[in-house]
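For reference, the structure is listed below as structure tokens.
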Amino acid sequence: MTAGARELGGVVHRPATAKAREANERDHPGTVHRTAPAEELGLEDASFDLAYYADIFEITPRLDRVLAEAARVLRPGGVLVYDTVNRTLLSRLIYLGAFQRLPMTRIMPAGRYAAARLRTPAELAAALDRQGLRHEDTCAFKPKDPRSLVKATMARRRGRIGDEQIPPVVGFVLAPDAKPQVTYLGYARKG
């Protein structure tokens, strides 16, 4: 299931769902992919074993509603996997400054990210717990070389690469023993 479409300016963005469906069609028949507002999925209770939320938690002002909806559609023992942005000085410089404000590196619309919607791993774990989702692990991920992020961002800004080409250019790596400074991923299980 691809849970939660991005809704920006009243427009629901479906590219991630289409890409997931296309990638899984042949190898995983029967996998269901849907696009819906994260706050109201329109799916049956306890109907999924896995929900993946990418780039949702840091843009929604209604995190508890999003997590309640995820918990509702997960079966007991189901897993919610996510990636999101930490609230640190460095993440604010990157997401609020470089990605939204600086003309040379702006790749996101103004207002997509706000400091109040960036959450620390501890805050997210508490929010998950409030909805009956037991937080099990968090892992930092970051560019192998920060210069590659600058290079990819500038290339994206100039239209030389698309969003899908950013990860291979940047070369993100997992850092399980590091404290997340900017981005992190994790998972929680429905009790």
Side-chain angles (χ1 to χ4, degrees), residues 1-28 31 33-38 51-61 63 66 81-121 124 138-187:
M1 172 177 104
T2 302
R6 287 185 216 135
E7 188 168 339
L8 299 172
V11 177
V12 176
H13 296 269
R14 292 176 170 74
T17 304
K19 287 178 184 181
R21 185 178 294 118
E22 183 179 300
N24 286 305
E25 230 167 39
R26 184 181 58 242
D27 298 331
H28 303 283
T31 300
H33 299 84
R34 301 262 195 266
T35 299
Y52 177 55
Y53 285 71
D55 305 322
I56 299 297
F57 298 163
E58 67 273 15
I59 64 173
T60 183
L63 180 63
V66 169
V81 178
Y82 64 86
D83 70 69
T84 193
V85 180
N86 199 355
R87 189 178 60 247
T88 63
L89 177 60
L90 184 56
S91 69
R92 288 178 191 192
L93 290 171
I94 293 170
Y95 279 82
L96 306 181
F99 288 174
Q100 290 185 144
R101 291 195 182 106
L102 295 177
M104 187 168 75
T105 56
R106 182 178 38 237
I107 58 172
M108 298 292 169
R112 176 167 187 184
Y113 301 105
R117 294 190 306 256
L118 304 180
R119 294 162 178 104
T120 67
L124 183 54
T138 297
C139 181
F141 69 99
K142 59 186 181 178
K144 191 173 198 174
D145 180 346
R147 294 174 295 188
S148 66
L149 179 60
V150 173
K151 183 179 176 180
T153 302
M154 291 176 72
R156 168 65 178 80
R157 174 71 180 150
R158 292 179 179 137
R160 293 184 185 147
I161 65 171
D163 290 341
E164 66 280 350
Q165 295 164 303
I166 291 174
V169 170
V170 174
F172 288 99
V173 295
L174 295 177
D177 298 325
K179 182 179 177 186
Q181 293 301 309
V182 180
T183 51
Y184 63 100
L185 51 89
Y187 73 98

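By convention here, the first residue in the shown sequence is residue 1.
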Pairs flagged by side-chain hydrogen bond (donor to acceptor under 3.5 Å, both in side chains) wherever residues 151-160 is involved - sequence neighbours left out
Arg156-Asp163
Report the distance from atom [atom1] of [X] to atom [atom2] of [Y], rounding to the nearest 0.5 Å.
X      : Y      : atom1 : atom2 : result
Met154 : Leu102 : CE    : CG    : 10.5 Å
Tyr184 : Lys179 : OH    : NZ    : 12.0 Å
Leu124 : Leu118 : CG    : CG    : 12.0 Å
Ile166 : Ser148 : CD1   : OG    : 11.0 Å
Ile56  : Glu58  : CD1   : CD    : 7.5 Å
Gln100 : Ile107 : CD    : CD1   : 10.0 Å

If you look only at pairs with a residue in residues 85-111, which of them pass as a salt bridge (charged side-chain N to carboxylate O under 4.0 Å, His left out), with sequence neighbours excluded?
Arg87-Glu123
Under the side-chain contact (heavy atoms from CB on, under 4.5 Å) test, residues paired with Gln165 that sit two or more places apart
Ile161
For [X] versus [Y], what's the shortest heavy-atom pair and its separation?
X      : Y      : value
Ala140 : Pro180 : CB-CA, 3.6 Å
Tyr53  : Ala38  : CE2-CB, 4.3 Å
Met108 : Tyr113 : CG-CE1, 3.7 Å

Please answer whether the main-chain N or O of [Y] pairs with a side-chain N or O of [X] as donor and acceptor at a distance below 3.5 Å.
X      : Y      : value
Thr183 : Thr84  : no
Ser91  : Asn86  : yes
Thr88  : Gln181 : yes
Arg21  : Thr31  : no

Residues two or more places apart in sequence or in another chain: which of them pass ring pair (Phe, Tyr, Trp, His ring centres under 6.0 Å) with Phe99?
Tyr95
Set of salt bridge (Lys or Arg N to Asp or Glu O under 4.0 Å) partners for Glu164, sequence neighbours left out:
Lys19
Within a strict 4.5 Å, meaning less than it, do heavy atoms of the Val66 and Phe57 side chains meet?
yes
Does the side chain of Phe141 come within less than 4.5 Å of Val182's, by heavy atoms?
no
Hey, could you give me each pair passing ring pair (Phe, Tyr, Trp, His ring centres under 6.0 Å) that has a residue in residues 143-164? Not counting sequence neighbours.
none
Between Tyr52 and Tyr82, is the ring centroid distance below 6.0 Å?
no
